[in-house]
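Since the structure comes first, as structure tokens, the remarks are kept for the end.
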2 protein chains.
Amino acid sequence: MSAPVPLYQAKAEFFRILGHPVRIRVLELLQDGPRPVRDLLAEIGIEASSLSQQLGVLRRYGIVVSHREASTVVYEIAGGDIAELMRTARRILTELLVGQSELLAELREAEAVNR
Amino acid sequence: MSAPVPLYQAKAEFFRILGHPVRIRVLELLQDGPRPVRDLLAEIGIEASSLSQQLGVLRRYGIVVSHREASTVVYEIAGGDIAELMRTARRILTELLVGQSELLAELREAEAVNR
DNA sequence: ATCGGATTTGCAAAGTTCTTCAAGTCACTA
DNA sequence: TAGTGACTTGAAGAACTTTGCAAATCCGAT
């Protein structure tokens with residue numbers, strides 16, 4: 001058996017993979033079900049090869065899977081666990097960031113007053 | 001007002017910050033309450049300056065806050081929202097990774113059979 | 001004042017990740 | 001079977017991050 005990867009390292013890796021704007025957008029688009037690359041490309045609006053590179057990253061880490069359907073390739077989130085994780089992460093993060101931006105707004109006001 | 005950072009970008013950034021083994025460990029240690037740097041250092045076992053750099057990253061992004069207490073510096077997770085987020089992320093991620101390692105184990109067996 | 005422990009900062013070297021361009025594959029159709 | 005559209009892959013350079021050393025800072029004790 002290979003040395004077990006420490007859990008904290010696996011977690012860090014997972015977060016790191018999520019930590020890229022294109023990858024996050026892809027995952028959010030796949031949230032609602034499988035989508036052909038063509039769609040993702042249209043929504044995200046970057047070079048095909050860049051998107052493909054990022055899809056490759058998600059694929060290699062087992063976060064999404066793809067299959068060919070005639071001449072197009074369709075991606076979807078791999079396994080139910082991951083979909084669940086993504087939903088929760090999304091919810092929490094959205095709350096968090098809304099909270100933070102309120103905080104930031106307050107800070108900005110405070111600053112303005114002190115100027 | 002400055003241009004609003006798109007939400008997906010803020011999310012990506014947040015995940016990216018979490019995506020480092022030392023930073024994850026720090027956050028998990030702070031889960032149970034404030035801790036002096038000395039403690040973190042002892043638990044994590046890396047160079048003081050490396051730890052300090054990573055604490056700096058967490059600090060700059062407002063994920064932790066620190067204050068001096070006599071000659072030691074104490075860190076803690078900033079704000080209730082972040083603590084909650086961390087707990088949930090932790091729970092989900094742990095489940096996910098356990099699931100994944102089971103999956104990996106199955107894949108390894110399947111491979112062994114096909115050799 | 002000076003020292004010593006605790007922590008942070010500045011900085012260069014090493015390592016990693018991103019982006020792009022060019023070339024490659026695959027499946028469909030003419 | 002040559003051509004085309006839809007993707008993927010390889011590779012190189014740019015951009016970014018991490019690491020560790022040395023110097024700086026801060027505080028309490030001498």
Side-chain angles (χ1 to χ4, degrees), chain A residues 5-6 8-27 29-30 34-78, chain B residues 5-6 8-30 33-78:
Chain A
V5 176
Y8 65 82
Q9 191 150 343
K11 284 187 197 174
E13 186 168 86
F14 187 82
F15 281 128
R16 190 160 43 72
I17 298 307
L18 262 42
H20 184 289
V22 169
R23 296 193 294 257
I24 283 282
R25 295 187 79 182
V26 166
L27 291 172
L29 290 168
L30 296 183
R35 301 272 221 137
V37 171
R38 175 169 13 84
D39 268 33
L40 301 174
L41 206 45
E43 301 254 21
I44 301 182
I46 61 175
E47 275 235 12
S49 81
S50 288
L51 177 59
S52 204
Q53 293 283 357
Q54 302 309 328
L55 289 173
V57 171
L58 293 172
R59 216 171 342 98
R60 268 195 297 294
Y61 283 91
I63 296 175
V64 303
V65 296
S66 66
H67 67 273
R68 193 172 265 279
E69 232 166 70
S71 69
T72 78
V73 175
V74 175
Y75 276 82
E76 66 191 290
I77 291 187
Chain B
V5 176
Y8 65 81
Q9 191 151 342
K11 283 188 197 174
E13 187 168 86
F14 186 83
F15 281 127
R16 192 163 46 73
I17 297 307
L18 263 43
H20 184 288
V22 169
R23 295 193 294 255
I24 283 282
R25 295 187 80 184
V26 166
L27 291 172
E28 299 210 331
L29 290 168
L30 296 183
R35 299 273 221 137
V37 171
R38 178 170 10 86
D39 267 33
L40 301 174
L41 205 45
E43 301 255 20
I44 302 181
I46 62 175
E47 274 239 11
S49 80
S50 290
L51 177 58
S52 203
Q53 295 283 357
Q54 301 310 326
L55 289 173
V57 172
L58 293 172
R59 218 174 335 100
R60 268 194 297 293
Y61 284 91
I63 297 174
V64 302
V65 296
S66 66
H67 67 271
R68 193 172 266 278
E69 232 165 69
S71 69
T72 79
V73 175
V74 176
Y75 276 81
E76 67 191 290
I77 291 187

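To find a chain, count down the sequence lines: A is the first, B the second, and so on, and within it residues start at 1.
Counting non-hydrogen atoms under 4.0 angstrom, A:A70 reaches the backbone sugars and phosphates but no base.
Looking at heavy atoms from C-beta onward, A:S66 lies in side-chain contact with A:R59 at the 4.5 angstrom threshold. Between B:V22 and B:L51 the shortest side-chain heavy-atom distance falls below 4.5 Å. Side-chain contact between A:Y75 and A:V26 is absent, with no heavy atoms from C-beta onward closer than 4.5 Å.
The nearest whole Å value for the distance from the CG atom in B:L40 to the P atom in C:dA6 is 14 Å. One interatomic measurement links the two molecules: CG of A:L51 to P of D:dC7, which rounds to 9 Å at whole-angstrom precision. The NE2-C1' distance, from B:H67 to D:dC27, rounds to 15 Å in whole Å. Between the C1' atom of D:dT17 and the CD atom of B:E13 lies a distance of 14 Å, rounded to the nearest Å. Atom CG in A:D39 sits about 13 Å away from atom C1' in D:dA6, given to the nearest Å. In this entry the distance linking CZ of B:R68 with P of C:dA6 reads 12 Å, nearest Å. Between B:L58 atom CG and D:dT18 atom C1' there is a gap of 14 Å when expressed in whole angstrom units. Atom CD1 of B:I46 is separated from atom P of D:dT17 by 18 Å (rounded to the nearest Å).
Between A:E43 and the choices A:R35, A:R38, A:R25, the salt bridge (Lys or Arg N to Asp or Glu O under 4.0 Å) rule is met once, by A:R35. When the options B:I17, B:L55, B:V64, B:L18 are evaluated for a side-chain contact (heavy atoms from CB on, under 4.5 Å) with B:R23, the one that passes is B:I17.
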Between protein and nucleotides 13-22 of chain C, map the contacts as a letter string: B base, S sugar-phosphate only, - none, heavy atoms under 4.0 Å, written 5' to 3'. ----SSSBBB
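A distance of 10.0 Å separates CD1 in B:I44 from CD in B:E28, rounded to the nearest 0.5 Å.
Comparing D:dC27, C:dC28, C:dT9 against the side chain of B:S52 picks out C:dT9 as the nearest.
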